[in-house]
2 protein chains.
Amino acid sequence: MGKTMTIGKLASAVGISVETIRFYQRQGLVTQPKKPLNGFRQYHFDTIERLKFIINAKSLGFTLNEISTLDNLSSGCKLFHDLANTKLESIKNEISHLHNIEQNIKVLIDSCSSDCKADDCSIAEKMYS
Amino acid sequence: MGKTMTIGKLASAVGISVETIRFYQRQGLVTQPKKPLNGFRQYHFDTIERLKFIINAKSLGFTLNEISTLDNLSSGCKLFHDLANTKLESIKNEISHLHNIEQNIKVLIDSCSSDCKADDCSIAEKMYS
DNA sequence: GTTGACTTAGTACATAGGTACGGAGTTTAT
DNA sequence: ATAAACTCCGTACCTATGTACTAAGTCAAC
C-alpha cells in the first residue's frame with residue numbers, strides 16, 4: 001500500500017474543496033478511483049500533482065477544456081508549448097482590447113466636468129450616438 | 001402620431017436582435033410599451049437612443065447590471081462619472097493581472113526547448129509544484 | 001457506544017448575457 | 001384572398017466554473 005488518502009485529505013492537501021475535486025472528476029480532468037468495499041474511495045498521491053497541475057494551468061489562464069486536452073506533460077511538452085503560445089496570443093489580444101476600452105473611458109471621463117446638465121454634456125452626446 | 005415602430009424595426013435600426021431587446025426588457029433595461037388593441041407594441045423613437053446607450057456602455061465594459069443602475073444621463077452625468085472611474089480602476093487591475101499571466105507564460109515557454117523528455121523539462125517542474 | 005466528522009451520489013442553483021423554439025395571431029404584399 | 005413575414009408570450013437551452021444541499025452510510029475519538 002502506497003500513499004493513498006480520502007477525498008477530504010486530498011482537498012486540503014491542495015487547498016481546494018471536495019466539491020471542486022468531484023466537479024473535476026465529472027469533467028474528466030481527474031480520474032476517480034474505484035470504490036472499495038467500505039465505500040470510501042482512496043486517492044493516490046499522484047492525484048495531488050495532477051490537481052496542482054490543473055490549478056497552475058488555471059492560474060495561467062487556461063480553461064478547464066484546454067487543460068483536458070493537455071492531459072499531462074509525461075509525454076513531452078510539445079503540446080503544452082503549442083497551447084501556451086496560442087494562449088499567449090489571445091492574452092495579448094485581450095490586453096490590447098482592454099487598453100482600447102481604458103482609453104475610451106478616459107476620453108469620456110475627461111470630456112466633461114464631473115457634473116453637468118445633460119443638454120451640454122459631451123458624455124451624453126457620445127453615449128447616445 | 002409620432003415616430004413609433006414595431007420591435008423588428010427597432011431591432012434592425014440599432015443592429016441587435018429582437019430576442020436581445022426582449023431580454024433587455026425582461027432585465028428592466030428597456031421599458032416595454034403598452035399593448036395596443038392589435039397586439040403589436042409600438043416603440044417610441046427614444047428607445048433607439050436608449051438601446052444605443054446600452055450598446056455603447058457595454059462596449060466600454062459595463063455590465064448590464066451596472067447599466068441598469070445608470071438609468072440614463074438626463075439627470076446629469078455625476079453617476080456616470082463615478083461608475084466610469086470605478087470601471088477604469090477595475091480595467092487597470094484586469095490589465096495588470098493579464099500582464100502577470102503573460103509574463104508567467106513567457107517564462108514557461110522560454111524555460112525549455114519546444115519538445116523535451118518529461119523528466120528534464122523545467123515546464124513540468126513548474127507545473128507540478 | 002455514542003457523538004461528530006467524514007464520504008457517497010445525485011441534483012439543483014448560481015452568474016452573465018443572451019439564443020432558440022413553438023404555436024397562435026396579425027399585417028403586408030402580390 | 002392567400003402566402004410570407006412579422007409579432008406575441010413563455011419557456012428551455014447554452015457556456016464556464018463551480019457551490020449548495022439532501023439523505024444515507026461509515027469511521028474515529030473519547
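Hydrogens, waters and symmetry mates play no part in the numbers below; they use all other heavy atoms, side chains included. Residue numbers start from 1 in every chain, and the chains themselves are labelled A, B, ... in the order their sequence lines are given, proteins ahead of strands.
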* Charged N to carboxylate O below 4.0 Å: is that the case for A:Asp46 and A:Arg50? -> no
* Could you list by number each residue of residues 10-27 of chain A showing a heavy-atom separation from DNA chain C of less than 4.0 Å, or answer none if no residue does? => A:Arg22
Check: protein-nucleotides 2-4 of chain C nitrogen or oxygen pairs below 3.5 Å:
none

* NE2/B:His99: more than 12 non-hydrogen atoms of other groups inside 6.0 Å -> yes
* To do: Return the value, rounded to whole Å, for the distance between atom NZ of A:Lys9 and atom P of C:dA5.
  => 13 Å
* Structure fact -> Picking from C:dG17, D:dC8, C:dT7, the nucleotide nearest the side-chain atoms of B:Leu64 would be C:dG17
* Structure fact -> Looking only at C:dT8, D:dT17, C:dG17, the nucleotide nearest the A:Thr63 side chain is D:dT17
* Do B:Phe80 and A:Leu108 pass the side chain to side chain contact (heavy atoms under 4.5 Å, CB included) test, and can you show the C-alpha distance, the side-chain angles, and the key distance before you say yes or no? -> CA-CA 10 Å; B:Phe80 186 89; A:Leu108 270 185; 3.8 Å; yes
* Asked: Are B:Phe45 and B:Phe40 co-members of a hydrophobic cluster defined by side-chain heavy atoms under 4.5 Å apart?
  -> no
* To do: Could you tell me the separation between the CG atom of A:Asn65 and the P atom of D:dT17, rounded to a whole number of Å?
  => 7 Å
* To do: May I have all residue pairs that pass side chain to side chain donor-acceptor pair (under 3.5 Å) and include part of residues 22-31 of chain B, sequence neighbours excluded?
  => B:Gln25-B:Tyr43
* Calculate the interatomic distance between B:Met5 atom CE and D:dT7 atom C1'; express it in whole Å. => 16 Å
* Any salt bridge (charged side-chain N to carboxylate O under 4.0 Å, His left out) pairs touching residues 83-97 of chain B, not counting sequence neighbours? -> B:Glu66-B:Lys87, B:Glu89-B:Lys92
* From CA spacing to verdict: side chain to side chain contact (heavy atoms under 4.5 Å, CB included), A:Ile16, A:Phe23 -> CA-CA 11 Å; A:Ile16 63 180; A:Phe23 175 70; over 6 Å; no
* Same cluster or not: are A:Val107 and B:Phe62 linked, directly or through other Ile, Leu, Val, Met, Phe, Trp or Tyr residues, by side-chain heavy atoms under 4.5 angstrom apart? -> no
* **Under 3.5 Å: donor-acceptor pair, side chain of A:Ser122, backbone of A:Glu125** => no
* Asked: Which part of the nucleic acid, if any, lies within contact of B:Gln32, taking any heavy atom under 4.0 Å across all strands shown: a base, the sugar-phosphate backbone alone, or nothing?
  -> sugar-phosphate
* To do: Select from A:Thr6 and B:Lys58 the residue whose nearest nucleotide in DNA chain C is closer to the 5' end of that strand.
  => A:Thr6
* To do: Using heavy atoms and a sub-4.0 Å distance, could you list which residues of residues 88-97 of chain A are near DNA chain D? By number, please.
  => none
* Decide salt bridge (Lys or Arg N to Asp or Glu O under 4.0 Å) for A:Lys106 and A:Asp110; before the verdict, give the C-alpha distance in whole Å, the side-chain angles of both, and the deciding distance to 0.1 Å. => CA-CA 6 Å; A:Lys106 276 182 183 166; A:Asp110 296 344; over 6 Å; no
* Using a 4.0 Å cut-off on protein heavy atoms (strictly under), produce a 5'-to-3' string for nucleotides 23-30 of chain D with B for base contact, S for backbone-only sugar-phosphate contact, and - for none. => --BSS---
* Sole candidate of A:Ile54, A:Leu60, A:Asn56 that passes side-chain contact (heavy atoms from CB on, under 4.5 Å) when paired with A:Ile67 -> A:Ile54
* Structure fact -> In this structure, CZ of B:Phe53 is separated from OG1 of B:Thr47 (nearest 0.5 Å) by 14.5 Å
* Rounded distance [0.5 Å steps], SG in B:Cys121 versus NZ in B:Lys126 -> 9.0 Å
